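What follows is a short report on a single structure.
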Amino acid sequence: MEPEGISITVLPGSGEMFEIPAITDTGRATILFIEAVPEGILDVFKGIKNSPELVARMANVIEEHFPPIYERIDMDRFALIDENAFLQTAITPQKLIKHFMDIQ
């Protein structure tokens, strides 16, 4: 059974996977979105340049780290909506230090 609405699966210390239902030009789809802790076990998508490579890597990550999600995927149909339907970003984590000024 597919989850209804947005689903978030958390791997503490490693990251999260979001499953987001969507309607596209070709019909229903599920957006799979991974937020990975830098250099962690989910941070394996650097340098991917094409959809076949992304689909293969994503399938491996889901099978290894998110088995209940993997069991719901029809791997014969698992693909991107189109060649450009993926996004990669990186944010450098920073520790914020609070500063305050005593104004008198």
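Worth saying up front: this structure is predicted, and the values here are computed from it rather than measured.
Atom CD1 of Ile62 and atom CD1 of Ile34 lie 6.0 Å apart (nearest 0.5 Å).
Heavy atoms only, all atoms of each residue included: Pro21 and Gly5 are closest at CD-O, 3.4 Å. For the pair Ala22 and Ile31, the tightest heavy-atom approach, listed with the atom from each and the gap, is CB-CD1, 3.8 Å. Annotation for Glu16 and Phe66: closest pair C-CZ, 4.4 Å, computed over non-hydrogen atoms. Closest heavy-atom contact between Ala29 and Thr24: CB-CG2, 3.9 Å. Contact record, Glu35 with Leu42: O-CD1, 4.3 Å, taken as the closest heavy-atom pair.
Taking hydrophobic clusters as Ile, Leu, Val, Met, Phe, Trp and Tyr residues chained together by side-chain heavy-atom distances below 4.5 Å, Ile41 shares a cluster with Tyr70. Both Ile8 and Phe33 are assigned to one and the same hydrophobic cluster, defined by single-linkage of ILVMFWY side chains at heavy-atom distances under 4.5 Å.
For the ring pair (Phe, Tyr, Trp, His ring centres under 6.0 Å) condition, no pair includes a residue of residues 38-60, sequence neighbours left out.
Counting heavy atoms from C-beta outward, Leu32 and Phe18 have side chains that stay 4.5 Å or more apart. Using a 4.5 Å cut-off on side-chain heavy atoms (C-beta onward), Ile20 and Thr30 make no contact. Side-chain contact between Leu54 and Leu80: present, with at least one pair of heavy atoms (C-beta onward) separated by less than 4.5 Å. In this structure, Pro67 and Ile69 have side chains that are not in contact, with every pair of non-hydrogen atoms separated by 4.5 Å or more. Proximity of Met17 to Val61: side-chain heavy atoms (C-beta onward) are nowhere separated by under 4.5 Å. Side-chain contact check for Met58 versus Phe78: some heavy-atom pair is nearer than 4.5 Å.
Qualifying side-chain hydrogen bond (donor to acceptor under 3.5 Å, both in side chains) partners for Ser51, counting only residues two or more places apart in sequence or in other chains: Glu83. Residues passing the side-chain hydrogen bond (donor to acceptor under 3.5 Å, both in side chains) test with Lys46 are Glu39, Asp43, sequence neighbours excluded.
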>> Determine whether Glu19 and Ile6 satisfy the following criterion, side-chain contact (heavy atoms from CB on, under 4.5 Å), listing intermediate values before the conclusion.
In response: CA-CA 6 Å; Glu19 296 174 86; Ile6 296 173; over 6 Å; no
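Checked for salt-bridge contact, Arg57 and Glu53 meet the test: a charged N lies under 4.0 Å from a carboxylate O.
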